[in-house]
Amino acid sequence: MSPELERFPRNILVCERSNFLNEKSRHGIHVSKHYFNYKVSIFIPECGILPAGLSSVIKSFNSYFLVQKLPVYKLIEEVFLDEVVKKGGFYALSHKTRIDEDNTIAFLPSGQMILSLDKDTYEQLGLEGKPSLYNHRNARRYVVTVDFTDKSMTVGGKRYQRVLLGLKERVPLTCDFLLSRYSTGTDEDGALQGLLSQYSFEVIRPAQYSQTLRIVPCPTLHPSDLQGKAGSCDPHQFLEWLGSVNMGIRCDNSASDFLSTYVCPEPQDSMSQALLYTITGFLIPEDIQSLLQELQRYFDEPKFSPWLSLTVHGFVDSPVSWGTMEHGFLSSGENFYNFVCFKNQDYWLHMATGALDGCPP
Amino acid sequence: MSVFMDLNISYTTDRKRLQAMIETAAHLGYSTVAINYTVEFQQKKQEIPRPKSVTELFEKLPIVQGKSSPIKVVNRLTVVTADAAHFRPTAEYKSFDLVAVYPKTEKLFHTACMTFDVDIICIATTEKQPFHFKRSPVNGAIERGVFFEICYTPAIRDSTMRKYTIANALCLMEICKGKNVILSSAAEKVLELRGPYDIANLGLVFGLSEGDAKAAVSTNCRSVLLHGETRTTAFGIIHTVKKVQPTTKQTDEAEAPASKKTKTENI
């Protein structure tokens with residue numbers, strides 16, 4: 001068989017081990033840098049119903065807005081820029097655009113705007129940008145990053161006018177947007193509401209889905225054994241098993257089953273029940289941060305569960321994965337991270353990306 | 001890094017079937033499709049069909065899945081040639097957005113690669129390639145911007161044809177190194193269409209690398225469409241448009257194919 005056929009598109013998995021109480025632990029940074037999150041899955045073995053604390057945290061998750069046909073220049077006009085974008089905590093991602101086919105636009109909470117454009121749009125728009133890192137043979141995709149917090153981008157300045165003119169007149173980019181704003185309570189959302197009222201929009205609450213599984217074999221994990229060399233299982237095997245549980249794939253590997261040969265990795269324990277709770281929507285890192293803090297408190301009281309896991313998936317069509325690292329889509333665009341929390345506040349963090357991605361931090 | 005396209009959907013007089021195929025293509029994620037009219041001059045004198053305008057087929061084109069824009073439909077002509085005289089670019093060719101040729105002999109393949117004014121050269125998939133590919137015509141075609149097309153539906157229909165398709169494709173890849181290749185269905189039925197990512201994976205079996213295989217369904221197809229547009233312009237730079245005013249001598253000159261005028265007049 002030709003050697004090319006035996007190669008899979010590469011993927012990267014970075015594993016870290018630390019303790020939540022450790023001052024130098026970087027779990028907070030990793031969570032806050034992963035800006036665009038689509039799905040959060042909580043898996044707790046030996047748990048039947050969602051604990052009250054978690055339930056209230058999930059209820060307090062931010063709602064997000066889906067705006068139809070919003071011209072991009074509206075998001076960088078003076079008033080909106082000063083009141084919303086520059087103040088931080090504003091997340092925006094273009095909806096129904098594919099990162100490998102169309103133009104994708106994202107606003108990061110740090111006040112940056114990322115435009116991932118195809119060649120025609122980039123040449124017509126005339127803004128300064130760099131060719132994508134994942135161009136094959138010829139440069140077909142370009143990434144324009146505009147930092148509105150930079151001194152040279154003051155409203156009224158030449159550079160700002162050029163960006164505004166380009167997006168307003170040269171190439172009036174318009175698409176559906178998912179918007180979310182992390183409000184600290186006292187901030188007024190006047191400017192945001194003012195903008196939204198001009199277009200058709202919906203306020204959406206993140207969708208939730210709960211499932212209690214019965215008699216689930218779960219791998220036994222030792223907190224100190226991240227790589228699976230002494231007793232626990234390999235991270236790849238663990239994540240594969242976790243994925244199969246999330247998808248509802250049977251792992252008994254029965255002889256008559258041709259669809260799935262997945263098995264629970266050894267060593268394993270059989271749990272009488274397990275809780276699988278999924279939240280989907282345009283989720284912001286601040287909400288996930290508070291969820292993670294609540295999950296740390298889960299083990300404050302004695303529980304039967306030996307460990308619990310939190311998986312966060314990023315949007316496959318987002319132009320960035322962690323921070324401003326460029327993200328692409330070859331035949332899949334996964335970029336997710338997974339926490340495994342133990343009773344002694346130890347945690348494992350797995351960060352995974354696909355073929356057209358840089359290495360997670 | 002560009003939208004997915006399927007540049008070969010066989011034309012059929014059954015309007016409902018054609019509509020169903022285009023709807024399925026939009027559902028699968030293709031943003032552009034080309035309806036292929038095949039012409040074979042070996043049979044009794046065949047006339048070049050006039051392409052049906054897209055508005056006749058659909059009042060409203062279906063929306064591509066996952067996006068908010070409708071699918072784009074273009075017209076394409078494939079000329080099956082066994083003799084050099086069969087391919088005569090007449091004015092009728094101009095009414096098609098893309099022109100393809102299917103050479104049956106080695107001499108014709110050479111001429112098609114080096115001189116014919118085409119966008120696509122089809123590679124045999126239903127029979128064993130009667131001739132070997134040579135480096136010089138293939139490189140000549142690549143320099144001119146002509147693309148080689150491999151259709152995958154014969155591979156779906158029959159196992160013998162599958163062998164031929166893969167064998168011919170691998171021969172081509174050895175010579176062209178994966179450049180200037182497009183993959184398309186030659187679908188006659190709705191069930192013969194496959195999704196773009198699946199076809200990109202199929203490209204791996206044909207000997208393309210991952211990036212090349214994905215480009216074969218997206219970027220290269222875009223290049224083919226642009227090449228088709230340049231056939232109606234002069235050197236791809238000057239584009240003539242019919243003036244709406246009453247015809248004067250000047251307008252008549254502007255309407256004549258710009259490529260026939262001398263260079264100085266174009267400036």
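In the text below, chain A, chain B and the rest are named by the order of the sequence lines, each starting its count at 1. Everything numeric here is computed off the predicted structure, so don't read it as measured data.
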Task: Ser69(B), part contacting chain A, at a heavy-atom distance under 4.5 Å - done: neither
Task: Matching residue for Arg140(A) among Ser223(B), Ser2(B), Ser218(B) - test: side-chain contact (heavy atoms from CB on, under 4.5 Å) - done: Ser223(B)
What do you reckon, is [atom1] of [X] surrounded by more than 12 foreign heavy atoms closer than 6.0 Å?
X         : atom1 : result
Tyr262(A) : OH    : no
Lys72(B)  : NZ    : no
Tyr38(A)  : OH    : no
Glu174(B) : CD    : no
Ile12(A)  : CD1   : yes
Glu128(A) : CD    : no
Phe131(B) : CZ    : yes

Task: OG1-NZ distance between Thr97(A) and Lys67(B), expressed to the nearest 0.5 angstrom - done: 9.5 Å
Task: From Thr219(B) atom OG1 to Lys119(A) atom NZ, the distance as rounded to the nearest 0.5 Å - done: 11.0 Å
Task: Sidechain-backbone polar pair: Lys96(A) side chain, Ser68(B) backbone, donor-acceptor under 3.5 Å - done: no
TODO: Taking the side chain as every heavy atom from C-beta outward, state whether Tyr197(B) and Leu330(A) have any atom pair closer than 4.5 Å.
DONE: no
TODO: Check whether any side-chain heavy atom of Phe4(B) sits under 4.5 Å from a side-chain heavy atom of Arg98(A), and report yes or no.
DONE: no
Task: Portion of Asp100(A) that has a non-hydrogen atom of chain B nearer than 4.5 angstrom - done: both
Task: Salt bridge flag under 4.0 Å for residues Arg222(B) and Asp120(A) - done: yes
